[in-house]
Peer 1: 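This is the structure I want to talk about, given as structure tokens.
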2 protein chains.
Amino acid sequence: MREALEDVWRALADPTRRRILDLLRAGPRTTGELCARFAVSRFAVMKHLAILERAGLVLVRRESRQRWNYLNAVPIRQIYERWIRDYEGVWAGSLLTLKRHVEGSGRERGRTS
Amino acid sequence: MREALEDVWRALADPTRRRILDLLRAGPRTTGELCARFAVSRFAVMKHLAILERAGLVLVRRESRQRWNYLNAVPIRQIYERWIRDYEGVWAGSLLTLKRHVEGSGRERGRTS
DNA sequence: AAGATATGTGACCATTTAGTCACATATGCG
DNA sequence: CGCATATGTGACTAAATGGTCACATATCTT
């Protein structure tokens, strides 16, 4: 697969969509309930929900005339495990890099490869 | 501050930029070295670097006619600590949600708030 | 000084994105 | 039935994005 997390990254890039996910952490919500929380139009929220659904971050279940949106945090976990986690080893090193950076001491490439 | 991580999220949304960061994990690189690794034009890479720099993910030090790009992983750590971490408690629950979702048993809202 | 190398800038283009309004469908209820 | 409610769709706009090419500047080397 061609990096299925691509849609997830893009979905998470928008602050409104992250807020939607934050709301869904407390439990499933109908589309109407979600719209009531945002200043933008109902359709704008629906578009965001469609993007979140395509990314697999939101699961939808229709019940009569309502649409229940469920949070699925699994893709977020994958983002962490497949990418962010790889940077844990550099966190401490980054502070050192910053220090050398401001010191401006030349010729300290220190590349690993 | 008005959520300074906004630029970081947007910067991370692009796969080319994430690849640049992956390269920089092994150590600092000049702009030219980075360009050689990508199919897109040199200027496209420079634009990506500018976005990464604005987000604070890349620190730049000029040395004579070269520009050394350093990885700064601190914003990535903040993304984790201020957002992703909050979802750890839901990872297990998401599997349960998924199970209920496919079962399609109505009326199990189970909201916390 | 001259040329090669490394990076910075300006102008432009195509596509995507986030948003709008208006209208359609579908369901619960009196 | 008829109406209110909840969600789905179509058409459109403005701005941001990712990309290009051409040109400018600055520095190292001969």
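Just the heavy atoms: all of them, side chains too, but no hydrogens, waters or symmetry mates, feed the values below. Each chain gets a letter, A, B and so on, in the order its sequence line appears, and its residues count up from 1.
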Peer 1: Taking any heavy-atom pair under 4.0 Å as a contact, classify R62(B): base, sugar-phosphate, or nothing.
Peer 2: sugar-phosphate
Peer 1: Strictly below 4.0 Å: does T31(B) bring a side-chain N or O up to OP1 or OP2 of dA6(C)?
Peer 2: no
Peer 1: On DNA chain D, reading 5' to 3', which nucleotide is the first and which the last to sit with an atom under 4.0 Å from a heavy atom of chain A, could you check?
Peer 2: dA4(D) to dG18(D)
Peer 1: Quick one: E63(B) CD to dA6(C) C1', roughly how many Å, whole number?
Peer 2: 13 Å
Peer 1: Rounded to whole Å, how long is the line connecting atom CD of E6(B) with atom P of dA18(C)?
Peer 2: 11 Å
Peer 1: Consider only side-chain heavy atoms of I, L, V, M, F, W and Y, link residues closer than 4.5 Å, and tell whether I20(A) and F43(A) are in one cluster.
Peer 2: no
Peer 1: Any link between M46(A) and F38(A) through a network of hydrophobic side chains (Ile, Leu, Val, Met, Phe, Trp, Tyr) touching at under 4.5 Å?
Peer 2: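 In one cluster with M46(A): F38(A), no.
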Peer 1: When you match R65(B) and K47(B) each to their closest nucleotide on DNA chain D, which lands nearer the 5' end?
Peer 2: K47(B)
Peer 1: When hydrophobic residues are tied together by side-chain contacts of less than 4.5 Å, even through go-betweens, does W83(B) share a cluster with L71(A)?
Peer 2: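 Linked within one cluster.
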Peer 1: Can you tell me how far P of dT16(C) sits from CZ of R54(A), to the nearest Å?
Peer 2: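 Rounding to the nearest Å, CZ of R54(A) and P of dT16(C) are 11 Å apart.
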Peer 1: Which heavy atom of R61(B) sits nearest a heavy atom of E63(B), and at what distance?
Peer 2: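 In terms of heavy atoms, the two residues are closest at NH2-OE1, 3.3 Å.
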Peer 1: Could you tell me if the side chain of I51(B) sits less than 4.5 Å from the side chain of L57(B), heavy atoms only?
Peer 2: no
Peer 1: Expressed in angstrom and rounded to an integer, what is the separation of R42(A) atom CZ from dC21(C) atom C1'?
Peer 2: 11 Å
Peer 1: Would a distance-only check, ignoring hydrogens and angles, find a side-chain to backbone donor-acceptor pair under 3.5 Å from R29(B) to G27(B)?
Peer 2: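 Yes; at least one donor-acceptor contact below 3.5 Å.
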Peer 1: Using a 4.0 Å heavy-atom cut-off across all strands, classify S41(A) as base, sugar-phosphate, or nothing.
Peer 2: base
Peer 1: Does R10(A) or F43(A) map to a spot on DNA chain D nearer the 5' end, using the closest nucleotide for each?
Peer 2: F43(A)
Peer 1: To the nearest angstrom, how far is W68(B) atom CH2 from dA6(C) atom P?
Peer 2: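 After rounding, the gap between these two atoms is 11 Å.
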